[in-house]
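Scope of the values below: all heavy atoms of this structure, side chains included, with no hydrogens, waters or symmetry mates.
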Amino acid sequence: MLETLFSFALATSLLALSPGPDNIFVLTQSIVNGKKFGLATVFGLISGCLVHTTLLAFGVSAIIKNSENLFFAIKLFGAIYLLYLAYKVYKSDANIILSNDNVAKKTTTQLFKQGFIMNVLNPKVSIFFLALFPGFLFSDKMSTILQFYVLGLIFMAVSLIIFSAIAILAGTISEQIKENNKIGVYLKWMQIVVFVVIAVLILI
């Protein structure tokens, strides 16, 4: 049980550190407006994860009760989707572009709402949760709904810590990214490896 949860937390950490729309958005807001505004964005994004966790917990738990074959199909879909994401990252540009252009000044409340709405209305987050979480269910005795919430809370806690660190250290991180041409390549391949490893873990 603890081994599975630790593996999930490690995978979540690596995913949160990999450059994506969310953490780049947090980084940009912190650079332009200050760390307080970056943190407001972080809390909004993380809060949205609770909605996706709830939908997943009740939807997939019902499927698991009704059919083991359907549950295996979900896990297979998850592995294939993660491999697809790895391929997309492989084909993408490794350069990370941080631009302050056209980033409007907003209040912390507005940024919290924007982060929340960005997350909740993004169907890719639901698909990603569906791909990731079922492969890390960790108990035969605990309710599957409760297990999904435990995974969701771990995902939120780890992402909150890492995204907050990005917001607070925004200036330093942005300068390092701009000065080191190879950092984008390193992060790109880290993301590819994480997606492939998690896909394999889900299947086995």
Q: Show your reasoning for whether side-chain contact (heavy atoms from CB on, under 4.5 Å) applies to Leu83 and Val196.
A: CA-CA 6 Å; Leu83 291 173; Val196 171; 4.1 Å; yes

Q: List in chain and number order the residues that pass side chain to side chain contact (heavy atoms under 4.5 Å, CB included) with Ala9, two or more places apart in sequence or in another chain; answer none if no residue qualifies.
A: Ile154, Val158

Q. Atom CG of Leu160 and atom CG of Leu45: how far apart are they, to the nearest 0.5 Å?
A. 10.5 Å

Q: Treating Ile, Leu, Val, Met, Phe, Trp and Tyr as nodes and any side-chain heavy-atom pair under 4.5 angstrom as an edge, say whether Phe128 and Tyr90 lie in one connected cluster.
A: yes

(Q) If we ignore hydrogens and angles and just use 3.5 Å, is the side chain of Gln114 paired with the main-chain N or O of Thr41 as donor and acceptor? (A) no

Q: Enter the distance from Asp22:CG to Asn119:CG here, rounded to the nearest 0.5 Å.
A: 6.5 Å

Q: Would you mind reporting whether Trp189 and Val89 have side-chain heavy atoms less than 4.5 Å apart?
A: no

Q: Might you point out which heavy atoms bring Val26 and Gly38 nearest each other, and give the distance in Å?
A: CG1-O, 3.9 Å

Q. Sequence neighbours excluded, which residues qualify as ring pair (Phe, Tyr, Trp, His ring centres under 6.0 Å) partners of Phe43?
A. none

Q) Is it the case that one hydrophobic cluster holds both Ile161 and Phe8, taking links as side-chain heavy atoms less than 4.5 Å apart, direct or via other members? A) no

Q) Pro134 and Ile74: which non-hydrogen atoms are nearest, and at how many Å? A) CG-CG2, 4.0 Å

Q: Could you go through the side-chain contact (heavy atoms from CB on, under 4.5 Å) check for Phe37 and Lys106 one step at a time?
A: CA-CA 8 Å; Phe37 295 86; Lys106 295 184 178 179; over 6 Å; no

**Q.** Smallest separation among heavy atoms of Ser164 and Val42, with atom names
**A.** OG-CG1, 3.9 Å

Q) Heavy-atom count around Lys75 NZ within 6.0 Å, excluding the residue itself: above 12? A) yes

Q. Taking atom CG of Leu39 and atom CD1 of Ile166, what is their separation to the nearest 0.5 Å?
A. 11.0 Å

Q. Roughly how far, to the nearest 0.5 Å, is the OG1 atom of Thr54 from the OH atom of Tyr149?
A. 3.0 Å

Q. If Ile, Leu, Val, Met, Phe, Trp and Tyr residues are connected whenever their side-chain heavy atoms lie under 4.5 Å apart, and connections chain through other members, are Tyr87 and Ile192 in the same group?
A. no

Q: Report whether Met1 and Leu132 are members of the same hydrophobic cluster (ILVMFWY, side-chain heavy atoms less than 4.5 Å apart, transitive linking).
A: yes

Q: Using the side-chain contact (heavy atoms from CB on, under 4.5 Å) rule, take Leu5 and Phe136 through it: C-alpha gap first, then chi angles, then the decisive distance, then the call.
A: CA-CA 7 Å; Leu5 292 176; Phe136 287 92; over 6 Å; no

Q: Give the ring-plane orientation class for Tyr81 versus Phe77, where under 30° counts as parallel, over 60° as perpendicular and anything between as tilted.
A: parallel

Q) Roughly how far apart are Thr12 OG1 and Met156 CE, rounded to 0.5 Å? A) 12.0 Å

Q) Roughly how far, to the nearest 0.5 Å, is CG of Leu14 from CD1 of Ile198? A) 7.5 Å

**Q.** By side chain to side chain contact (heavy atoms under 4.5 Å, CB included) - contacts of Phe129 (at least two apart)
**A.** Cys49, His52, Thr53, Leu56, Val125, Phe133, Phe155

**Q.** Minimum heavy-atom distance between Thr108 and Lys36, given as atom pair plus value
**A.** CG2-CG, 3.9 Å

(Q) Can you tell me how the ring of Phe116 sits relative to the ring of Phe112, calling it parallel under 30°, perpendicular over 60° and tilted otherwise? (A) parallel

Q: Run the numbers on Thr144 and Val60 for side-chain contact (heavy atoms from CB on, under 4.5 Å), then give the verdict.
A: CA-CA 9 Å; Thr144 50; Val60 176; over 6 Å; no

